[in-house]
Amino acid sequence: MATKAKLMTAEELLEMPDDGFRYELVRGELVRRQYAGMRYAHASSKIVFSLPMNKINDKLGMSYPPETGFQIETDPDHVRAPCAAFVGPERMKLVENDDPCDDRYFPGPPDLAVEVVIPSDSYFYIEEKIVDWLDAGARMVIVVNADYRTLKVYRSSTDITILTEQDTLEGGDVVPGWRLPVADIFA
């Protein structure tokens with residue numbers, strides 16, 4: 001008779017010792033992730049550093065670097081970590097009275113999640129993350145494909161835009177005023 005594996009909680013994930021790997025918690029199950037190589041990390045860093053940084057005092061929101069965990073479900077716990085994220089002022093109210101040095105995960109999705117496809121990522125894995133972010137309430141998901149030098153911008157499962165190096169990525173109502181030429185991401 002098969003026994004069901006014990007599901008992990010977000011708190012247990014936080015308490016895990018650093019073993020050199022990245023992890024996400026997918027509906028209570030621990031999933032080991034591979035770190036990105038330099039080319040993929042370069043694309044991610046271009047986006048991270050172009051986002052409005054630490055603008056909470058300006059009431060614009062807050063950007064988060066890679067590996068920041070967002071707890072998008074509970075019981076079982078579901079923690080995802082995008083390559084970059086932005087949380088607008090309305091969602092920031094969820095944590096505005098919290099200690100900024102608190103170690104827990106952000107309680108909910110970011111408004112913007114950025115995912116950079118790396119060679120070890122399966123099509124299913126990327127699609128699953130897009131659906132997870134959108135279902136949890138993210139307002140925009142950007143998938144960066146460094147191999148093809150393109151971006152896919154998802155605002156819903158049916159509102160999808162493909163951008164090439166001739167285009168400019170715009171934050172619209174999710175990150176007001178944010179613009180980044182796609183060519184700059186891959187420069």
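The minimum heavy-atom distance between C83 and V116, with the atom names listed, is SG-N, 3.3 Å. Closest of all the heavy-atom pairs between L134 and S157 is CD1-N, 3.9 Å. Across all non-hydrogen atoms, the minimal contact from P65 to V48 is CA-CG1, 4.4 Å. The shortest heavy-atom contact between A10 and D77 is N-OD2, 2.7 Å. The shortest heavy-atom contact between F86 and V174 is CE2-O, 3.7 Å.
In this structure, K46 places its NZ atom where more than 12 heavy-atom neighbours from other residues, nucleotides or ligands lie under 6.0 Å away. Few gaps surround CD on E128; more than 12 heavy atoms of other groups in view lie less than 6.0 Å from it. Heavy atoms from other residues, nucleotides or ligands lying under 6.0 Å from CG of D75 number 12 at most.
Side-chain contact between P110 and V87 is present, with at least one heavy-atom pair separated by less than 4.5 Å. When side chains are defined from C-beta on, V79 does not count as touching M8, because their heavy atoms never get closer than 4.5 Å. In this structure the side chain of L25 never reaches within 4.5 angstrom of the side chain of H78, judged on heavy atoms. Residues I72 and W133 form a side-chain contact, since some pair of their non-hydrogen atoms from C-beta on lies under 4.5 Å apart. Taking the side chain as every heavy atom from C-beta outward, E24 and Y125 approach each other to under 4.5 Å. Considering only heavy atoms from C-beta on, V175 stays 4.5 Å or farther from D111 through its side chain.
In terms of modelled atom types and a separation under 3.5 Å, the side chain of R80 and the main chain of P109 share no donor-acceptor contact. A donor-acceptor pair under 3.5 Å links the side-chain atoms of K129 to the main chain of A81, judged by distance alone.
The distance from the CD1 atom of I130 to the OG atom of S156 is 12.0 Å, given to the nearest 0.5 Å. Between R22 atom CZ and E67 atom CD the span is 4.0 Å, to the nearest 0.5 Å. For the atom pair L13 CG and Q71 CD, the distance stands at 9.5 Å (nearest 0.5 Å). Of the inter-residue distances, the one linking I160 atom CD1 with T158 atom OG1 reads 7.0 Å to the nearest 0.5 angstrom. In this structure, CD in E12 is found 4.0 Å from NZ in K6, a value given to the nearest 0.5 Å. Here the CD1 atom belonging to I142 is positioned 10.5 Å from the OG1 atom belonging to T161, to the nearest 0.5 angstrom.
Sorted by first and then second residue, the salt bridge (Lys or Arg N to Asp or Glu O under 4.0 Å) pairs involving residues 116-125 (not counting sequence neighbours) are R33-D121.
The aromatic rings of F70 and F106 are tilted relative to each other, their planes meeting at an angle between 30° and 60°.
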Problem set entry | Derivation and outcome, side chain to side chain contact (heavy atoms under 4.5 Å, CB included), residues E73 and D135 | CA-CA 10 Å; E73 291 179 26; D135 284 354; over 6 Å; no

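Residues M92 and L94 are members of one and the same hydrophobic cluster, defined by side-chain heavy-atom contacts under 4.5 angstrom among Ile, Leu, Val, Met, Phe, Trp and Tyr. No path of Ile, Leu, Val, Met, Phe, Trp and Tyr side chains, each step under 4.5 Å between heavy atoms, connects M62 with Y105, placing them in separate hydrophobic clusters. In the hydrophobic cluster analysis, where Ile, Leu, Val, Met, Phe, Trp and Tyr join through side-chain heavy atoms closer than 4.5 angstrom, V117 is grouped apart from Y123. Follow the hydrophobic side-chain contacts under 4.5 Å out from I126 and you reach V141 in the same cluster. Under the 4.5 Å side-chain heavy-atom criterion for ILVMFWY residues, no single connected hydrophobic cluster contains both F21 and I118.
Counted by atom type alone, Y154 and E115 present zero donor-acceptor pairs between their side chains at under 3.5 Å.
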Would you list the atom pairs, donor with acceptor, under 3.5 Å between side chains in residues 178-187 and any protein atom, with sequence neighbours excluded?
from	atom 1	to	atom 2	distance (Å)
W178	NE1	S50	O	3.3
W178	NE1	S50	OG	3.0
R179	NH1	E170	OE2	2.4

